[in-house]
Structures are given as C-alpha cells and as structure tokens.
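Accompanying notes for the structure given below.
We count ligands from 1, going down the list as the structure has it; atoms in each ligand are counted the same way.
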Amino acid sequence: MIVKFFLILGTIFPATLNVHEVLNHLTGLLGLPAGTLVELLDLAAGYRDGLNREPEIFAPMLANRRVALVFFENSTRTRFSFELAARHLGAGTLSFTAASSSVSKGETLSDTIRNLEAMKVDAFVLRHPSSGAADFVASITRRPVINAGDGTHEHPTQALLDILTLREYFGKIEGLKVMILGDILHSRVARSNILGLKTLGAQIAVCAPSTLLPGRIDQLGVQVFTSLDKALAWADAAIVLRLQLERATGGYIPSLEEYSAYYGLTDEKLDRLKRLLPVLHPGPINREIEISNLVADRIQPPGYSSSMLMEQVTNGVAVRMAVLHRLLAG
Ligand code: CP
C-alpha cells in the first residue's frame, strides 16, 4: 500500500516542491518573487504531464478538504478547471453563485464568507466584479483565498496558465517578447500577465487604440504600440484580449467593425509577417471581432499563426492543481 502510494507520487511529482516562503493566499501576482512563480509553474508542468496520461492518476493529497467556489460573475473555464483540479487532488467542492444564494436577499460578501468558514470550508476560490474583492476576503478569513478574477484588478491563475503555455512553446520566458493586444484598460488578465511575465524576464508590449489603454501604462515598464502591424513585427507571441462588451467597452471605440479592421487579429495581418506566431486568448472569444475564426482555430501550419487556445485551457487545470496543492497541502 505504502509502495503504491509513493509510486503514484513518483508519477505526478517530477518537480520537488521547495517552499521558499509562506504563501497564504493567491490574490495577485504583484510582489510574487520569480522563485515562487517558477515553483508553481514547475509543479503545474508535472500535473500537465499527468493530465496527458490515460488514465489520469493523481495522489489524493487534498482528501477531506473542501474548496468553496464562490463566483459572483459568470465563468466557464476558471470555474470548471478549479472544480476539476480540486477533484483530481481528492478535495470536495461547494459551488456558489450569487443568484442562487442569500446574496440575492441582501447578504453581504463578508457575511457570506464568514458563514461558509463556519461550515469548515478549507479554501475560497473567489470571482467578483469588484477590484480588490479577493484582498478584502483574504483580510477577513484565515482560510486560503485564491483570486479567480476581481474586477479589473488581477486574474493570477489565468496569467500563470498563459505563462506555462508560453514556457512550453518556447522552452523559456526570459527574453521573450510578448505582445498583449486589445482592451488593456479593463483587463485583469493583462495586468497579471504583465506582472508575472516581467518578473520572469520577458519584454512586454501592449497594442490598443489609445482609448483602451490605461493613462499611465508606460509606468508598468511596457512598450506601447497603436499600430498592430508594428506590434506584430516586434512580437514573438501575441496574447489577444476579449473586448469586454458587458463592461460597455463598445463606448470606447467608434464601432466593432472599425475595431476589428484595425485591431482584429486576422490571417491577412499575420501573413505579412512571414513567420509563425503563437496566439493566445484567455477566452471567451468574440469571433471575428478581436480574432478571426481561422486564427482562433488553426493549430497547425499552413499559415503564420498557431492557436494555443486549447493548450491554455488544459494548462488551466494543471495550474489550478498546482495552486491548490501549494496553498492547501502544507
Ligand atoms: N479566461 C477566463 O477567465 O474564462 P472564464 O470567464 O470562462 O472563467
């Protein structure tokens, strides 16, 4: 029995976990040292290998743990991948949506969290429309809090899965030129990616119409392009962002057609490059607005783009397993 346990461990723990510091919560990538990021990425890479195997076998290291998925905003990828990640590690999950909870009767966020904590929940995965919500929850609970996206602030596990996808493709992050295209102003994904990628030594550029750029974007140490052709010529890889139409992004551009003509990533624009460019997108995608069908769906040449979108989704499960492992298995 013990031998079998260690055999299973051996199959899924190719990386040794060196805990450099206490990581109580993951509310953002701001301030996380390169060592901690690399440790999480290495752990996730091991889990990614496990997910590629048939059947997937993981040690149930989080057996008897309960992870509350507290989602005040809709989600497909983040929510399901956290749920799968928890289950792969043997944890139980409790799902929460604002519409089906007592929040609809006026219960506050802090009361909701305190009540779930009293039920002996072991960790909170929180998505919330307000920037700073994850840090607020972390300040009122002793349980680990993982930010699954808060307003326009951060989405740290999305950035980690994007970085893992880039690292798998290029074999490294240091020195890579990553161009983030689209609605930078409203994007928590852009912010977390800029923080994480820069910590690991990548160069970052953003490309957007000036109305979709934050006022002091250059202070984040990124290059700014308003011409997509120039940005593509600079980049080794592109992360395309969704136009967040539910946040009234449409009011920042003359029309969707015009945005698409100037900033939509299409085959024609990539053809001018004459070299292969991997393309990432956090999803959900607005097809034929920020990204063409062909660019979103083509995973192999012929052509000058390689869609990493489904790689990102699978890596999302692995990254969330790594984060739950790191925060809960201590
Ligand atoms: N990328 C992302 O956060 O997708 P969901 O909104 O579906 O979780």
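Distance alone, capped at 3.5 Å, is enough to place a donor-acceptor pair between the Arg191 side chain and the His153 backbone. In terms of modelled atom types and a separation under 3.5 Å, the side chain of Asn147 and the main chain of Leu26 share no donor-acceptor contact.
Near ligand 1, heavy-atom contacts under 4.0 Å come from Ser75, Thr76, Arg77, Thr78, Arg127, His155, Gln158, Pro282, Gly283.
No cation-pi contact links Arg127 to Phe71, judged by a cut-off of 6.0 Å to the six-membered ring centre and 45° from its axis.
Alongside Ile140, the hydrophobic cluster contains Val70, Phe72, Leu94, Phe96, Val103, Leu109, Ile113, Leu116, Met119, Val121, Phe124, Leu126, Phe136, Val137, Val145 (criterion: ILVMFWY side chains under 4.5 Å).
The residues Asp236 and Arg275 are annotated as not salt-bridged, no charged nitrogen and carboxylate oxygen being separated by less than 4.0 angstrom.
Ring geometry for Phe225 against Trp234 counts as tilted: the plane angle lies between 30° and 60°, on a 0 to 90° scale.
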